[in-house]
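Both ligands and their constituent atoms are indexed starting at 1 by order of listing.
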Amino acid sequence: MKLTQSLSRMQQTALKWRSEGIKIALVPTMGFLHEGHLSLMRHARRSVGRKGKVITSIYVNPTQFGPGEDYGRYPRDIRADKTRCREMGVDMLFLPDNASMYPSSSSGLPYSCFVKEKRLTSGMEGASRPTHFEGVTTVVAKLFLITQPHYSVFGAKDFQQARVIEKMTSDLNFPIQIIIAPTLREADGLAMSSRNKYLSKPERLQAPALWNAIQSARDSVKNANNGFIPVNQLRKKLIKQITQSADMEVDYIEFFDSETLVPVKKVSTTARMAVAARLGAVRLIDNASLDPASPY
Ligand code: PAF
């Protein structure tokens, strides 16, 4: 496995691979890699085949964290991450730093170019974390230009993020195919996430409440008269279920169209549900299609 911190070395390597007709897949991550990330790497390998190149980037991107969020304490374990990438057959590990990703110009002007998606970012995570998606789209656009991939893989765990990146890729004409990979879950249903490390033992036991709420929503729409339930009725029921089974404060529960992210008026199996809640100091998110047959 090759490893570099240098943006220019990464870009030159990628351009050389492309000139030789080699396919490239990028898995952008913030590190502290778990099984969910490894599954993204497997999707990446499948997309380019044995002769292609899989690049994984590890970069805790400061611009996607709001004031008071967990940028400083975001979990990091670069040694373990390197071992995992090597074991997964990653060809190149890209480890940029803040000074090279967001440099000041030679005349001392601070970094000042950002990418903003204006439609899909207005609700859910975008409403709760107003500066988050601009940081994500900016860093992902930069990673795309530096690593020159044909494919890039994102987890359905951050479903809104995946759709925002698809939209940016299409609107800005990046010649890249975005692959959305299903969420990996612990045995009790908790979606895998680096932030699960923050959970205390009692909190960890309560954390599957979000997945249980999604399962209840699936049952409710399956058994509903005419196959529909009014949004407010279902939301109220699920908030009650979550707060009675866990010491959680629900941030939002939304039901929306999987393609457009537009909220639905009545919930049926064609809708998708997303939920965010605070459990102690930890903010958990989860989402899934309400059609249990959907791949994610
Ligand atoms: O999903 C993440 O880990 C991050 O948002 C990403 C896509 C690596 C951008 O920093």
With under 30° as parallel and over 60° as perpendicular, where do the rings of Y74 and Y198 fit, or are they tilted in between? perpendicular
Assess R76 against Y71: is NZ or CZ under 6.0 Å from the centre of the six-membered ring, and within 45 degrees of the ring's axis? yes
Nearest candidate to atom 10 (O) of ligand 1, where distance is taken over non-hydrogen atoms, out of M30, K142, Q64: Q64
Numbering the atoms of ligand 1 from 1, which are under 4.0 Å from a heavy atom of [X]?
| X | value |
| --- | --- |
| Q161 | 1 (O), 2 (C), 4 (C), 5 (O), 7 (C) |
| P28 | 8 (C) |
| V139 | 9 (C), 10 (O) |

Please determine whether a side-chain nitrogen of the Lys or Arg among E259 and R163 lies less than 4.0 Å from a carboxylate oxygen of the Asp or Glu. yes
Lys/Arg N to Asp/Glu carboxylate O, K197 vs D77, below 4.0 Å: no
With a heavy-atom distance limit of 4.0 Å, tell me whether T29 approaches ligand 1 through its side chain, its backbone, both, or neither. backbone
Residue of the set E125, E69, E249 for which salt bridge (Lys or Arg N to Asp or Glu O under 4.0 Å) holds with R283: E125
